[in-house]
Amino acid sequence: MISIDWFLALSALLFCVGIIGVLIRKNAIVIFMCVELMLNAVNLSLVSFSSHFGNVDGQILVFFALAVAAAEAVVGLAIIIAIFRNNLSVDINNVNLLRW
Amino acid sequence: MITYFFIFLAVLAIASALAMVISKNTVNSALFLVLNMVALAGLFLLLKAQFLAVVQILVYAGAIMVLFLFVIMLLNVQDEENLFSKFRVKYFVAFLVGIVVFSQLLYSIGSFTEVLPEVSPEMTEAGTVEAVGEVLYSQYLLPFHIIALLLTAAVNGALMIAQHKIKSGVTND
C-alpha cells in the first residue's frame, strides 16, 4: 500500500497547476477548466483521507462536491455563452465593463 | 505492482494537467482534461473508492466534458496565440504564486502525516457502493434532497442566462 502523503502531494501539485492555469490563461473556457482541475485535486485529497481513515464521510463530501461542480459548470458555461453573445469573444481582456 | 500503477497514473495526471494549461487549442485542452479525469478515476480505484471512480468517469468525463466540448464548438473560439512567446511579468508572478501555494501545502502535509495511522485491511472497505449508499440515504438524506433542488435551480438559471431574448424584459435599457 502506498503511503498517503504521495496522494496528498499529487493533489497539491494538481491544485497548483490549476492555479497557474487560472492566472496565465486568457480564454474564459480554459480558465473554467482549470477551476474544474482544482476541484478535482481537492476531491483526490478528500478521497485519500477517507479511505485512509476508513470513514465514508469524505466520500459523501466528494459526491456532493461533484453535484455542485456539475451545477457550477452548467451556470458558468451559460454565462460564457452570454459573454460571447455580447462581445463576440471569450477573451477575458475584452470583458472590462466593471474594471476601474 | 500497485506502486508502479500509482506512478503511472500520477505521471499521467500531472502531464495531462500541464498539457491542458499549455496547449493553445481549446479543444485539445478539453480532451487533456478528460485524460486527467480518467487518471484521477484510476487513482480513486487505487484508494478503494470504486463508487466514486465510476461516478467520476460518468459525471465528469462523460457529462460535464461533453457540455464543455459543445460550448467550445458552438462558440468557435480561435486559438490563443503568443502564449509563452515572449516573457511577461504576469507569467513570472503566476509561477511564483503557484510555487508559494505548493510549498505551503507541502509544509502542512509534511507536518501532519506523522499523526495518521497506518491503513488496516478493514479500513479499505469504506468505498463500496453499499457503504456509501448506506450512509448517503440515512445520515445525509436531507443534503441529498437539497442537491436535487440545487441541480434543478442551476438548470433553470442556465436556461434563463443563455436564452436569447434576455434583454427585452429584465434589463432596464
Derivation of the side-chain contact (heavy atoms from CB on, under 4.5 Å) call for B:V132 and A:I60: CA-CA 7 Å; B:V132 173; A:I60 302 288; 3.9 Å; yes
Test item: B:L40 and A:L14 side chains (from C-beta on) under 4.5 Å apart, heavy atoms: yes
Worked verdict on B:V21 versus A:C34 for side-chain contact (heavy atoms from CB on, under 4.5 Å): CA-CA 8 Å; B:V21 172; A:C34 291; 4.1 Å; yes
Engaged part of B:A148 at the chain A interface, taking heavy atoms whose separation is under 4.5 Å: neither
Atom group of A:F84 that falls short of 4.5 Å from chain B, counting heavy atoms: side chain
Minimal non-hydrogen separation, A:V74 against B:A158, with atom names: CG1-CB, 3.3 Å
Least distance between heavy atoms, B:G98 atom then A:I20 atom: CA-CG1, 4.0 Å
Sub-4.5 Å side-chain heavy-atom contact between A:D57 and B:Y140: yes
Sidechain-backbone polar pair: A:S51 side chain, B:L47 backbone, donor-acceptor under 3.5 Å: yes
Ring centres under 6.0 angstrom apart (B:F102, A:F15): no
Closest heavy-atom pair and its distance - A:F7, B:L43: CE2-CD2, 3.9 Å
Side chain / backbone / both / neither for B:F144 at chain A, heavy atoms under 4.5 Å: both
Aromatic plane relationship, A:F32 with B:F68 - under 30° parallel, 30 to 60° tilted, over 60° perpendicular: tilted
Distance in Å, A:L13 CG paired with B:L105 CG, rounded so as to fall on 0.5 Å steps: 10.0 Å
Test item: A:L77 and B:F70 side chains (from C-beta on) under 4.5 Å apart, heavy atoms: no
Between B:Q56 and A:N43: side-chain donor-acceptor atoms closer than 3.5 Å: no
Distance (rounded to the nearest 0.5 Å) between A:M33 CE and B:N36 CG: 11.5 Å
pair A:V56-B:L136: side-chain heavy atoms closer than 4.5 Å: no
Value rounded to 0.5 Å, distance of CD1 in A:I29 from OG in B:S29: 10.0 Å
Could you give the side-chain donor-acceptor pairs of residues 8-19 of chain B under 3.5 Å, partners two or more places apart or in another chain?
residue : atom : partner : partner atom : Å
B:S16   : OG   : B:L12   : O            : 2.9
B:S16   : OG   : B:A13   : O            : 3.0

